[in-house]
Amino acid sequence: ALSGDLKDFSLLQLLTLIQVTSKSGALTLKRQEQSATLYFDSGLLTKVRTSGGHGGDGLAAALHRAGRIRKEQYQDLANQVAPSEHAVALLLVDQGILTHDEVMEFVRESSLSELYSLVTWPEGSFHLEVDATPPEEEILTPTELGPVLERAKGLLDEWQFLAARISDMDKLLRVLSEPKQKVQEVRLSLAGWRLVAARCRELPLKAGGQRRGRYRLTPPGGAPLAPQ
């Protein structure tokens with residue numbers, strides 16, 4: 001087992017180590033009330049599980065939030081199957097709602113999305129348990145770490161760039177009546193820009209998504225950060 005602090009050994013470094021050594025096991029990250037566990041098999045990423053997002057109900061709910069299944073289909077799944085990802089996937093395929101490949105790709109993309117968010121954690125603890133395996137009811141999607149690391153590095157660079165310019169997400173956006181730059185593709189009234197600025201804070205985006213949205217609003221809307 002290997003334990004430590006993300007300040008000393010970043011997630012990117014841990015992933016590189018796992019890739020190079022073809023490790024199998026579970027890497028658990030913790031930060032305040034948040035936690036996540038990444039599973040690997042011979043250096044391949046197979047699953048990312050975050051606190052509060054496990055089991056079949058979590059998969060069905062994620063599919064519903066993403067618009068991949070309708071509300072009534074989600075409710076039907078909740079009433080018919082046990083809280084197992086495999087059970088949900090089997091029912092989806094049997095009823096012709098999604099194909100096996102579509103379910104697998106959704107699970108893979110969901111795991112990668114969670115991983116890319118975890119890369120931005122500047123602090124926290126980690127614990128690598130060699131040869132630990134995920135729960136049997138989980139759907140595993142073995143994924144090469146090479147492309148994942150390249151994508152993660154790019155996202156981390158972007159997050160650091162945005163964090164340096166928008167250091168405090170508790171500050172409000174102040175929208176100017178006359179934007180400093182011309183808006184070529186989007187034309188909104190002052191009230192419209194104010195609504196967009198407000199929604200940017202309210203949307204359930206991860207930290208990187210919120211910063212990205214705010215940064216992109218600044219030039220076209222003339223919306224510098226103002227103290228709350």
Has the side chain of Thr141 got a donor or acceptor atom that lies under 3.5 Å from a matching backbone atom of Met104? no

Separation between OG1 of Thr120 and CG of Leu11, rounded to the nearest 0.5 Å: 9.5 Å

How many angstroms lie between atom CG of Leu77 and atom CD of Glu72, to the nearest 0.5 angstrom? 11.0 Å

Looking at Gln160, I'd like to know if its CD atom is crowded, meaning that more than 12 non-hydrogen atoms belonging to other residues, nucleotides or ligands lie closer than 6.0 Å. yes

Same hydrophobic cluster for Leu6 and Val119, using side-chain heavy-atom links shorter than 4.5 Å among ILVMFWY? yes

Is there a donor-acceptor pair closer than 3.5 Å between any side-chain N or O of Ser113 and the backbone N or O of Glu109? no

Should Leu12 and Lys153 count as side-chain neighbours, where that means a heavy-atom distance under 4.5 Å? yes

Would you check, one step at a time, whether the test side chain to side chain contact (heavy atoms under 4.5 Å, CB included) holds for Gln95 with Asp76? CA-CA 11 Å; Gln95 294 185 356; Asp76 188 47; 3.9 Å; yes

Would you call Ile69 and Leu92 a side-chain contact if the rule is heavy atoms closer than 4.5 Å? yes

Regarding Thr28 and Thr37, is there a side-chain donor-to-acceptor distance under 3.5 Å anywhere? yes

Is it possible for you to say whether Tyr116 and Leu29 belong to one hydrophobic cluster, with membership spreading through side-chain heavy-atom contacts below 4.5 Å? yes

Would you please test Val103 and Ile139 for side chain to side chain contact (heavy atoms under 4.5 Å, CB included) and show each step? CA-CA 9 Å; Val103 174; Ile139 295 176; 4.2 Å; yes

Kindly assign one of parallel, tilted or perpendicular to the pair His64 and Tyr74, based on the angle between their ring planes and the thresholds 30° and 60°. parallel

Using a 3.5 Å distance criterion without hydrogens, assess whether the side chain of Glu138 forms a donor-acceptor pair with backbone atoms of Pro135. no

So do Leu63 and Phe106 actually touch side chain to side chain, heavy atoms under 4.5 Å? yes

Separation between CD1 of Ile97 and CZ of Arg68, rounded to the nearest 0.5 Å: 12.0 Å

Minimum-distance pair of heavy atoms, taken over all atoms of Glu102 and Leu98: OE1-CA, 3.3 Å

From Phe126 atom CZ to Ser10 atom OG, the distance as rounded to the nearest 0.5 Å: 9.5 Å

Can you measure from CG (Leu115) to OG (Ser110) and round to the nearest 0.5 angstrom? 12.5 Å

Lys30 side chain reached by Ser51 side chain, heavy atoms, under 4.5 Å: no

When you look at Phe40 and Leu145, which way does the side chain to side chain contact (heavy atoms under 4.5 Å, CB included) test go after all the steps? CA-CA 10 Å; Phe40 305 90; Leu145 277 175; 4.1 Å; yes

At their closest point, which heavy atom of Ser111 faces which heavy atom of Val48, and how far apart are they? OG-N, 3.3 Å

Any donor-acceptor pair under 3.5 Å linking the side chain of Arg108 with the backbone of Pro142? yes

State, yes or no, whether a side-chain contact exists between Leu15 and Leu38 at a heavy-atom distance under 4.5 Å. yes

In chain order, what residues pass the salt bridge (Lys or Arg N to Asp or Glu O under 4.0 Å) check against Glu136, with sequence neighbours excluded? none

For Leu128, what residues pass the side chain to side chain contact (heavy atoms under 4.5 Å, CB included) criterion, not counting sequence neighbours? Leu2, Ile18, Leu27

Nearest-0.5 Å distance, CG of residue Leu149 to OG1 of residue Thr16: 4.5 Å

Do Leu156 and Leu45 belong to the same hydrophobic cluster, where Ile, Leu, Val, Met, Phe, Trp and Tyr are linked whenever their side-chain heavy atoms lie under 4.5 Å apart, directly or via other members? yes

Lys/Arg-Asp/Glu bridge criterion (N-O < 4.0 Å) met for Lys47, Glu85: yes

Quick check: do His86 and Leu90 have side-chain heavy atoms less than 4.5 Å from each other? no

For the residue pair Ser24 and Ser42, what are the closest heavy atoms and their distance? OG-N, 2.7 Å

